[in-house]
Amino acid sequence: MPTLEKGLVILHNRLARDFYEIELVAPLIASSCKPGQFVHVKVGGTMDPLLRRPLSIYDVDKKLGSITLLYKVVGRGTELLTRVGVKENIDIMGPLGRGFSLADNQHVLLVGGGVGIAPLVYLARAAKEKGCQVTVLYGAEKRGELVAFERLRKLEVDLMVATRDGSAGHKGLVADLLHPKFLPPKIDFIYTCGPEPMMALVKKYAEENGIPGEVSLEEHMACGVGACLGCARKLKPDDEYYVKVCKDGPVFRMDEMVL
Amino acid sequence: MQSSFNKAGVKEDVDISVDLGGLKLKNPVVVASGTFGYGLEYEDFLDISAIGAVIVKGTTLEPRSGNPSPRIAETPAGMLNAIGLENPGVDVFLKEYLPRLRDKGVTVIVNIAGNTVEEYARMAAKIEGNEGVAAIELNISCPNVKKGGLQFGTHPDTVKEVVEAVKKETSLPVLPKLSPNVTDVVEIAKAAQAGGADALSMINTLLGMAIDIKKKKPVLANIFGGLSGPAIKPVALRMIYQVYKEVDLPILGGGGIMSSEDAVEFILAGASAVSIGTGNFVNPRLALEVVEGIRNYLQEENIRSVRELTGMAVIK
Ligand SMILES: Cc1cc2nc3c(=O)[nH]c(=O)nc-3n(C[C@H](O)[C@H](O)[C@H](O)COP(=O)(O)OP(=O)(O)OC[C@H]3O[C@@H](n4cnc5c(N)ncnc54)[C@H](O)[C@@H]3O)c2cc1C
Ligand SMILES: Cc1cc2nc3c(=O)[nH]c(=O)nc-3n(C[C@H](O)[C@H](O)[C@H](O)COP(=O)(O)O)c2cc1C
Ligand code: FES
């Protein structure tokens with residue numbers, strides 16, 4: 001059940017130039033969250049920036065009652081977040097939104113680009129626990145920005161990486177790895193999160209191969225709970241109604257949308 | 001100043017109930033239209049029946065799908081919105097949402113917006129007789145729809161006409177919601193009074209915009225949007241002060257309230273009750289925290305009833 005919690009920061013690391021991970025003790029959220037859900041974070045007590053910032057749940061330690069977030073500094077809110085110290089509290093709302101659907105014992109493919117890897121790491125953990133065979137394709141600008149690599153390696157997933165500059169793995173787009181020669185023969189389900197052009201390629205591959213899948217979308221948010229109608233999006237151009245990414249999503253089925 | 005302790009040393013309870021032209025509220029804090037959905041969205045975070053009232057999302061005669069995205073943008077100490085009155089229409093509201101809110105004991109104020117005077121009247125007629133509605137707020141000030149909305153709220157004659165038409169169809173208290181996008185808000189308030197308004201709600205958002213300098217385009221798909229949040233608080237206070245001085249109607253006041261101290265400022269400026277909008281997004285429990293804060297303030301200041309506070313700062 002969503003709640004408001006003061007998360008006690010127990011770890012806050014800079015992983016690369018603009019990438020950080022932050023672990024918070026937030027037992028109510030940790031015990032009830034599902035992969036693909038997000039938390040709505042109040043960064044600092046200021047009136048400017050005013051609104052909360054949505055961040056995906058990157059990893060969960062159910063025993064410790066903690067959640068970890070992975071974020072990239074892109075503006076003032078995320079910049080303010082970098083200044084929060086260990087032992088301080090941050091005000092978080094969550095878990096929010098509709099997460100990924102996940103069945104037991106499936107062969108699943110996860111494709112993440114940049115900070116879009118965040119919800120897929122928690123998903124990979126949950127999938128492993130459900131006896132799934134998990135393959136992850138992970139793309140970044142360069143080697144140093146493959147910030148989730150270690151965590152994924154420890155989860156013992158089949159991991160392939162791509163970097164734009166070729167400093168690690170395949171040189172080029174992560175979507176280039178969507179090829180039978182790199183992939184297991186049987187895939188039951190595909191999940192993707194990252195830049196929309198990347199997700200569009202993943203969706204295309206899924207459709208061409210008749211594989212169902214889910215996509216995690218972003219939209220600017222105010223309330224995060226479906227009340228303000230600010231995060232509206234048309235899933236298909238001629239849909240009459242707008243979905244609310246915060247409440248109806250952020251995860252949507254590939255077959256209900258156009259990217 | 002002394003706190004009002006009784007002999008047993010227990011803080012004496014203060015009276016925080018209010019009456020705005022027949023709209024009786026158990027406490028003077030309501031949540032503003034469009035910022036709290038139908039209340040149900042926030043149930044996990046607080047007891048929505050403990051809020052003075054929930055003003056539901058702006059309701060129209062027909063369903064509306066709203067404006068394209070982006071619909072919101074953050075601005076210094078505030079935000080712009082151009083939702084475009086997305087809502088399922090008054091019939092769906094009455095059938096699907098109202099019974100649920102009534103069962104939960106929520107005090108409901110319905111916010112209505114029409115394209116024509118007749119539409120306002122027809123909605124009021126549909127609402128009449130439905131158990132569980134405490135009042136009607138007339139959105140004559142929405143800056144985000146092409147027809148209706150703001151155009152009604154900026155001309156005294158149409159304000160009077162809309163209020164009159166609605167009053168004919170309803171026995172409920174009617175609160176026109178005034179737009180700050182006018183030169184003389186007192187003139188509009190007087191027109192609302194002449195039309196038979198029971199109380200006034202103020203203020204709606206200020207028309208504004210933001211530009212993305214990389215894309216060299218307006219940020220909002222609608223180009224313009226309504227500015228809300230702490231940035232508009234001084235404007236809201238000033239307008240409430242002016243209207244309180246000149247017009248003898250209770251005021252539901254809001255605009256940028258983020259704390260009980262802000263709320264007390266509004267009451268001192270002339271509001272009988274306050275509304276919280278954008279603040280809900282930042283702190284979903286704000287409405288009830290403000291109720292507690294007002295109660296504490298009254299105790300500390302030795303004031304028995306919140307009603308005594310209204311307009312106390314207004315210099316006659
Ligand atoms: C459901 C969801 C989950 C997310 N998960 C993560 C995550 O795990 N890690 C992470 O680093 N980021 C995530 N984001 C994006 C993150 O919310 C934004 O990067 C953040 O709000 C930017 O705040 P800021 O103040 O630093 O930037 P601003 O100063 O507000 O903006 C800087 C730039 O970021 C863009 N931006 C701002 N907010 C958003 C948004 N909500 N979505 C997309 N772009 C935005 C702006 O358009 C602008 O170009 C997620 C977004 C959503 C909607
Ligand atoms: C996202 C959003 C949607 C709104 N929708 C409505 C609406 O449907 N009808 C209405 O009368 N006012 C609407 N408003 C205005 C608020 O009810 C309120 O009057 C205004 O935001 C000022 O108060 P605040 O600064 O506390 O938010 C909306 C405001 C926001 C931020
Ligand atoms: S952010 Fe308010 S409805 Fe989604």
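Quick note: numbers below take in every heavy atom, side chains included, and nothing from hydrogens, waters or symmetry partners. Note on naming: letters A, B, ... go to the chains in the order of the sequence lines (proteins, then strands), and numbering restarts at 1 for each one. Remember, predicted model here, so these are calculated numbers, not experimental data.
- Residue A:Ala222 comes nearest to B:Ile72 through the heavy atom pair N-CD1, 3.5 Å, listed as atom of the first residue, atom of the second, then distance.
- The two residues B:Tyr42 and A:Ala227 make their nearest non-hydrogen contact at CE1-CB, 3.5 Å.
- Between A:Asp48 and B:Thr75 there is no side-chain heavy-atom pair separated by less than 4.5 Å.
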Next item on the list: Kindly indicate, with the supporting measurements, whether the criterion side-chain contact (heavy atoms from CB on, under 4.5 Å) is fulfilled by A:Leu229 and B:Asn87.
Entry: CA-CA 9 Å; A:Leu229 313 182; B:Asn87 82 97; over 6 Å; no
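- Heavy-atom pairs under 4.5 Å with chain A were tallied for B:Lys57, B:Glu41, B:Arg71; the largest tally goes to B:Arg71.
- If you take CZ on B:Phe281 and NE2 on A:His40, they are separated by 9.0 Å, rounding to the nearest 0.5 Å.
- Shown here is A:Glu88, whose CD atom has more than 12 heavy atoms of other residues, nucleotides or ligands within 6.0 Å.
- For the residue pair B:Pro230 and A:Leu50, the shortest heavy atom distance occurs at CD-CD2, 3.7 Å.
- Heavy-atom contacts from other residues, nucleotides or ligands closer than 6.0 Å to NZ of A:Lys204 number 12 or fewer.
- In this structure, A:Lys62 places its NZ atom where more than 12 heavy-atom neighbours from other residues, nucleotides or ligands lie under 6.0 Å away.
- Here the CG-CG distance, from B:Leu46 to A:Leu4, works out to 10.0 Å after rounding to the nearest 0.5 Å.
- A:Lys234 has its side chain out of reach of B:Ser65: every pair of non-hydrogen atoms, C-beta onward, lies at least 4.5 Å apart.
- In this structure, the side chains of B:Glu43 and A:Met1 stay at 4.5 Å or more apart for every pair of heavy atoms.
- Interface remark: of the candidates B:Asn280, B:Leu40, B:Val282, B:Thr278, B:Val282 forms the most heavy-atom pairs closer than 4.5 Å to chain A.
- Most heavy-atom pairs under 4.5 Å with chain A, from the set B:Met79, B:Arg285, B:Met258: that is B:Arg285.
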Next item on the list: Apply side-chain contact (heavy atoms from CB on, under 4.5 Å) to A:Cys228 and B:Phe36, showing your working.
Entry: CA-CA 7 Å; A:Cys228 75; B:Phe36 217 71; over 6 Å; no
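- For a residue to count as touching a neighbouring chain, one of its non-hydrogen atoms must lie under 4.5 Å from one of that chain's; by this rule B:Pro68 touches chain A with backbone and side chain alike.
- Proximity to chain A is limited to the side chain of B:Phe45, based on heavy atoms less than 4.5 angstrom apart.
- For A:Arg53 and B:Glu74, the salt-bridge test passes: some basic side-chain N is under 4.0 Å from an acidic carboxylate O.
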